[in-house]
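Single-structure report; data block below.
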Amino acid sequence: MSFPLLTATAALPAIGAIATAAVPAAQRVAAKWLALLVSLATLVLAAIMLVRFDPGGDRYQLTESHAWIKDFGVRYELGVDGIGVALVALTALLIPFVILAGWHDADPQETGSSRWRPTQGFFALILAVEAMVIISFEATDVFLFYIFFEAMLIPMYFLIGGFGDRAHEHGDDAAATQRSYAAVKFLLYNLVGGLIMLAAVIGLYVVAGNFSLQEIVQARANGSLHMATSTERWLFLGFFFAFAVKAPLWPLHTWLPNAMGEATAPVAVLITAVVDKVGTFAMLRFCLQLFPEASKWATPVILVLALISIIYGALLAVGQRDIKRLVAYASISHFGFIILGIFAMTSQGQSGATLYMVNHGISTAALMLVAGFLISRRGSRLIADYGGVQKVAPVLAGTFLIGGLATLSLPGLAPFVSEFLVLVGAFERYPAVGIVATFGIVLAALYTLVLYQRTMTGPVKAEVAEMPDLRVRELLVVAPLIALLIFLGVYPKPVTDIVNPAVQQTMSDVHKTDPKPEVEAAK
């Protein structure tokens, strides 16, 4: 039997989480280094997975299948297509930067908190989230996916509520209350979505007799499995609701600004750049493949919700006074673009949406982590408390600018390509939708440039006059992300070559082809 690479890639951070948590309390530095080394080893396995994946080969590769709960048809089934392998690589890439950026976030002496904060627990929880997210991207058994889709909420709850941001204008007790509120809100929203999905998962088993994604899709394709129209629509809504909460799609988005605002910057990156991608990924893998007709039926409403997310998120970002909440609302707008690309039902749109997931993860990580370094120096998240930073910390200001320009999809940086493909895909089938969505780009330029102007330019405020520039550890976090943004902005082919075959297969599942261009016949 060949080496179980997919299992190993998910199991390594899970084992690392247990080992990190077991490190003696006095050995905090050892726990940090152990977590970092485990995350780097996981990145190596993900790189091997990328090398072994053949874009022109079978749809699902490196597959593993073992009996699990025979009486209920549950199997331990793993496999990655081009979309899954790209997102596994993204997750494995970002976690080492999250760990490095949060190196001192759980140290009481660094945070100034009177409460003891278990450093080992902080890094163990990050590795636990990584393990659960990776196996969610690999699972091809619906029940197996559901278990880890829900289980990742627990470590995230403790990361938000137990290790929240200390840069707060209120005292420790008030800050702890707000962190608890944000953590509970995050948990409740996602649990409700998960419970609705559980009902749909059970319904799918009643109809199909098993939980295997590949078997169900094949049975539907050859006509041996037929779902009544109403049944398919109800099951689709159950799955989509849970994914829309995770994504997050308007009006199910309200947990995100609270969670990102109260979490530390690395945990905020974990939320929006890693965990939330599971929602949009699952729309492609499960909603479109399992329920193709219901997906087409729901498309008009979903496109409207995506447009609202794009414009609403951008407008609220423009009016924010809090740096981290601004990035949160910007992410809501960006997730609107991703969902728009998925349900435009064109190959350009879905390729752009998948590429957007990767590029948004990198750009948001760069911007949020630099913002976290800025906030830790000043001790405030409020935009009004900054001014003239570029004169005292030019490297910090420069990296902040590049992260911001990537957020507004400047040509030459990675998000531009993905946003362009999403808009082209939308224009092909829904021109009016594409026109409205374009206004989101204008608003993105507004909130990004205003944020930079108010924090980095103008007279130097007394509180930032002695602000140090980026340190070596912080440069090790930011520089590779900036380099990736530039590289993928100039040359996105390595990612598109991997995801495009999977996108074409998804288009085939929903029986959609790209609209033919209307060209006036030559006279």
Spacing of CG belonging to Leu408 relative to CG belonging to Leu413, to within rounding of 0.5 Å: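 Between atom CG of Leu408 and atom CG of Leu413 there are 8.5 Å.
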Find the distance between CG (Leu62) and CD (Glu138) and round it off to the nearest 0.5 Å.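 Reported value, rounded in 0.5 Å steps: 9.0 Å.
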Does Phe53 reach the side chain of Met49, with side-chain heavy atoms less than 4.5 Å apart?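 The answer is no, as the side chains (C-beta and beyond) never meet within the 4.5 Å cut-off.
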Is the shortest heavy-atom distance from the side chain of Val267 to the side chain of Thr264 under 4.5 Å?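 When only atoms from C-beta onward are counted, Thr264 and Val267 do touch, with a gap below 4.5 Å.
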[X] side chain to [Y] main-chain N or O, any donor-acceptor pair under 3.5 Å?
{"X": "Thr438", "Y": "Gly434", "result": "yes"}
{"X": "Asn359", "Y": "Ala414", "result": "yes"}
{"X": "Arg378", "Y": "Asp385", "result": "yes"}
{"X": "Thr346", "Y": "Gly425", "result": "yes"}
{"X": "Arg285", "Y": "Ala139", "result": "yes"}
{"X": "Arg381", "Y": "Gly261", "result": "yes"}
{"X": "Thr448", "Y": "Ala445", "result": "no"}
{"X": "Thr299", "Y": "Ser295", "result": "yes"}
{"X": "Thr364", "Y": "Gly361", "result": "no"}

[X] versus [Y], closest heavy-atom pair with distance:
{"X": "Asp322", "Y": "Lys324", "value": "OD1-N, 2.9 Å"}
{"X": "Tyr189", "Y": "Leu252", "value": "CD2-O, 4.0 Å"}
{"X": "Ala344", "Y": "Tyr430", "value": "O-CE1, 3.8 Å"}

On the 0 to 90° scale, with breaks at 30° and 60°, tag the Phe286-Phe243 ring pair as parallel, tilted or perpendicular.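 Judged by the thresholds at 30° and 60°, the geometry between Phe286 and Phe243 is tilted.
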May I ask you to decide if the ring planes of Tyr452 and Phe400 are parallel, tilted or perpendicular, using 30° and 60° as cut-offs?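 Rings of Tyr452 and Phe400: parallel, under 30°.
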Given side-chain hydrogen bond (donor to acceptor under 3.5 Å, both in side chains), test Tyr356 with Glu419 step by step and report yes or no. CA-CA 7 Å; Tyr356 213 134; Glu419 197 162 281; 2.5 Å; yes
Going by atom types only, do Tyr386 and Ser380 share a side-chain donor-acceptor pair under 3.5 Å?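 Result is no, nothing qualifies.
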For the ring pair [X] and [Y], is the centre-to-centre distance below 6.0 Å?
{"X": "Phe240", "Y": "Phe291", "result": "no"}
{"X": "Phe186", "Y": "Tyr157", "result": "no"}
{"X": "Phe335", "Y": "His360", "result": "yes"}

If you count every heavy atom of other residues, nucleotides or ligands that lies below 6.0 Å from Arg473 atom CZ, does the total exceed 12?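 It does: Arg473 CZ has more than 12 such atoms within range.
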So which of Ser351, Pro492, Ser409 actually passes side-chain contact (heavy atoms from CB on, under 4.5 Å) with Val417?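 Only one option passes, and that is Pro492.
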So if I apply the side-chain contact (heavy atoms from CB on, under 4.5 Å) rule between Leu423 and each of Ile441, Val433, Ile435, which one comes out positive?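 Answer after filtering Ile441, Val433, Ile435: Ile441.
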